[in-house]
Amino acid sequence: MNTNEILETIEMIDNENLDVRTITMGISLLDCAGPDPEAAAQKVYDKICRYAENLVKTGEDISRQYGIPIINKRISVTPIAIVAGACPGASPVRFAKALDRAARTVGVNFIGGYSALVQKGFGPGDYALIESIPEALSETELVCSSVNIGSTKAGINMDAVGKMGKIVRQAAELTADRECIGAAKLVVFCNAPEDNPFMAGAFHGPGEPDCVINVGVSGPGVVRAAIQKSGGGLTLTEIAELIKRTAFKITRMGQLVAQEASRRLNMPFGIVDLSLAPTPAIGDSVAYILEGMGLEQCGAHGTTAALALLNDAVKKGGVMASSSVGGLSGAFIPVTEDAGMIAAARSGCLTLSKLEAMTAVCSVGLDMIVIPGDATPEIISGIIADEAAIGMVNSKTTAVRVIPAIGKQAGEELDFGGLLGQGPVMPVNTASPAGFIGRGGKIPAPLQSLKN
């Protein structure tokens, strides 16, 4: 590191919204399972509090020492459906309340893992947990939920897809007095990664160690500023190289924080997720990066190609900076959390159909999109099925986090505040997919699943 690089990093932090978006501690709860649900829930609370008691303080100490903003401290846990499966017949909501209570005790801002993995079918605790999601999210504040309904290896569980359309709508209805926030804390995945540090999809996969530290970095403002400073004379090849170099610097900072947190907490370092996660702050926007490449507004023809270039360059730069890249790692396009996306959606330039096309080349999928309150469960299931198909066929993670705005129509707005932001209600195609969704069964795994 020379003096210029140090000064450049300071500039990124001070003026270009560079930050570590989250330090996420993953905790295995497999040893908490047991036939007594009350005892199991207490074990869950006790273990989280024991392992994470110094997580927030450690993050704050590192931030002060190095001058690096660390925005969130979070926890992910073993999918609760696995733990709840040991006590069939008991409501899993008690585990959600234990998670919420533990998160408050240790001071984190979110805890993820009220989750089920049902890509090949339902286990003993899966169906009960999925049924309980709306109640659990309405009665807790810090708990996030996710359900994996498909994968390239397994295909798509269409019974689960049909169920999740109803669950998303119920989650919105039960929190209609709070801007339908329940649906904003629920994400439906295909090919969900086990080490994702970002909410709402974070959970601690069964293949993970007992405890691990994962870090998610974020720097769309830095990438946007680098393109802006370069002027209009660069070719797209040169822009890709510029983004790679910028992503390298961002990832090195994330790895520094991750390794330091791991050392201080005496826990293994897992991965750095180098995703460009935007915020509603002006300038901290993936959409503005795409517009900086020459698009009049995000959503114009050419947007998918520009996003593909960005995503690829971010990954290439990141893997050169760290041998432990994981999670999602690329570019996020959450509409309500990105100032440029919000503006493009309000103007009508960015539509749901264009967003679906963009998800074929971004990190996740249809994320934080507000849809009309009268959207039927079958329409929501159809949106989930389309995204899952993109993920399954392309061997990538895709997800759906849509928020039915109960009582609102296209053109009105929801305002969540904070990092979740605000955004317009976007119109959906109202032609019904009910007959297709109602068939149930499975969409078989594609030919590319046979890689052995």
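What you see below is based on every heavy atom in this structure, not just the backbone, and it leaves out hydrogens, waters and symmetry mates.
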query: Excluding sequence neighbours, so at least two apart, what forms side chain to side chain donor-acceptor pair (under 3.5 Å) with S381?
result: none
- line: Contacts of F189 meeting ring-ring contact (aromatic ring centres under 6.0 Å, His included) (sequence neighbours excluded), chain-then-number -> none
task: Only counting residues at least two apart or in another chain, list the ones meeting ring-ring contact (aromatic ring centres under 6.0 Å, His included) with F122.
output: Y127
message: Test of understanding: with side chain to side chain donor-acceptor pair (under 3.5 Å), list the residues that count as partners of K97, not counting sequence neighbours.
response: E139
- prompt: Which pairs pass side chain to side chain donor-acceptor pair (under 3.5 Å) with one or both residues in residues 190-203, sequence neighbours excluded?
  reply: T152-N191
message: Please enumerate all residues that pass salt bridge (charged side-chain N to carboxylate O under 4.0 Å, His left out) together with R245, with sequence neighbours excluded.
response: none
field: Contacts of type side chain to side chain donor-acceptor pair (under 3.5 Å), residue Q448, not counting sequence neighbours
entry: none
field: For E131, all residues meeting salt bridge (charged side-chain N to carboxylate O under 4.0 Å, His left out), sequence neighbours excluded
entry: K163
task: Check salt bridge (charged side-chain N to carboxylate O under 4.0 Å, His left out) between K120 and all other residues, then give those that pass, not counting sequence neighbours.
output: none
- prompt: With sequence neighbours left out, what residues match K47 under side chain to side chain donor-acceptor pair (under 3.5 Å)?
  reply: D31, D210
message: If the condition is salt bridge (charged side-chain N to carboxylate O under 4.0 Å, His left out), which residues does D100 pass it with, not counting sequence neighbours?
response: R104
query: Quick one: ring pair (Phe, Tyr, Trp, His ring centres under 6.0 Å) pairs with a partner in residues 237-272, sequence neighbours left out?
result: none
Axial cation check for Y288 ring with R224, 6.0 Å and 45° limits: no
